[in-house]
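FYI, side chains are in, hydrogens and waters are out, and symmetry mates aren't considered; it's all heavy atoms of this structure. Order of listing sets the numbers, starting from 1, for every ligand and every atom in it. Since the structure is predicted, the reported quantities are computational estimates derived from the model, not experimental observations. The residues of the chain are indexed from 1 along the displayed sequence.
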Amino acid sequence: MKQRHKVYGNIKNTDPEAYRFITGELDRQQKGLEMIPSESYASRAVLEAMGCIFNNKYSEGFPGKRYYGGQDFTDKIEQLAIDRAKRLFGVDHVNVQPYSGSPANQAVYFALLQPGDTVLGMQLQHGGHITHGLKINFSGRFYNSVFYGVDKQGFIDFSQVESMLKKHRPKMIIAGATAYPREWDFATFSKLARKYKTYFMADIAHIIGLIIGGAHQSPAGKADVITSTTHKTLRGPRAGIIMCNGKPSDPLRAPKNPTKRDIPTLIDRAIFPGLQGGPHEHTIAGIAVALKEASGAEFKKWARQVVKNAKALAEVFIRRGFDLVSGGTDNHLILMNVTGKGLNGKEAETVLDKIGISVNKNAVPGDKRPPYSPSGIRLGTPCATIRGMKEDQMKILAQAMSDAMENHKSPKIVKKSERTVRQLCRDFPIYPEL
Ligand SMILES: Cc1ncc(COP(=O)(O)O)c(C=O)c1O
């Protein structure tokens, strides 16, 4: 293989086999375009933080309350990440230790519920996440999951949300999704949660960057607990974060008769020692760096452009006769049913892969097809926007994608779309210094 990469020299010397795969993935990311909406390109600074010497350190516990010595700098870096998140969201308490988004959600269940309690979440097929109650996930196995979904137009059906609250009296309601293209009305969820006296958890894994960037409303002050990943629109390391309000955490003492004011302590104790051992301080360093980047003016501009780009893509797809769930988008993603164009979601994913674009097959609301070969695809704009692409490039991309999907049996047309995509990737490079 051509050795054009300027970094990873130590890996190359120690393990040429691993080096081949790492640089192969770098090539793939540079020459193609990631349009999976849950993905982004972390900055070099974030990647450096994740490869730093905090990897070597055990730090069970929390800043100032550790079970191992030598914590001068782990305490500082973790506190830095916590303080930055607190400032950005205006919350009393932040835990940056969850290993990822799913463990963050698991910690909330563990902190606030008992096995068998009822949880109302968004139906998976309508956009919810597996940790919101899928039968074979911990959430569906140990808790009684009931669901709300979207209406015929593809928007959250609040009359169904309320009737489910009335009928099932859940202990917790979750607002958040993995494939919902519209803005969340956290105020209405909050009002309903208070009316039916249920905990309200907002899972903002997909939209955290849009919220920080001011493109979407924040659930802070409305939800009892907020969870998120840090590697999607936050553009940070692969990890999770939990935010809430209440009294300062006292993780060494279990609160007697806990109230909502004790949620910070309950969350911390659920993470450690409830579910996890040593926090990944190198990842937490990456979260700190990502939060610093997210607090700048450039990030705000980026977040707004992400939404503009998704809308520009959607406009072309609609004009070309594609069936978009909810008829468009308010955020970073588009969910579309492709079966009207003579292919299924799996086939669409494959043909788009051929033209250098990664998307993912996805069920659409009411899908009759099996999960491995559903009717739709989900695609998003965070990565294209990091590369600097704007509405004009979105229009070119949407035409190239439409051409390829509509003519997926024509190698000539597919090839032409591929040339367009590869050229755009050269014109808008990512990690050019690597
Ligand atoms: C809404 C939502 N919550 C939680 C998660 C879980 O994140 P992770 O994959 O990091 O466990 C995801 C991931 O896609 C998600 O979309």
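The aromatic rings of Phe138 and Tyr143 sit perpendicular, their planes meeting at an angle over 60°, well past the 30° parallel limit. Taking the six-membered ring for Trp and thresholds of 30 and 60 degrees, His280 and Tyr99 have nearly parallel ring planes, at less than 30 degrees apart. Between Phe62 and Phe272, the angle of the ring planes goes over 60°, which puts this pair in the perpendicular group of the 30/60° scheme. In this pair, Phe200 and Phe186 present their aromatic rings tilted. The plane angle is within the 30 to 60° band.
Across Asp75, Leu252, Asp268, a single residue satisfies side chain to side chain contact (heavy atoms under 4.5 Å, CB included) together with Lys65, and that is Leu252.
The pair Lys361-Glu349 meets the salt-bridge criterion, with a side-chain N (NZ, NE, NH1 or NH2) lying under 4.0 Å from an Asp/Glu carboxylate O.
For ligand 1, the 4.0 Å heavy-atom shell contains residues Ser100, Gly101, Ser102, Asn105, His129, Ala177, Thr178, Asp203, Ala205, His206, Thr229, His231, Lys232.
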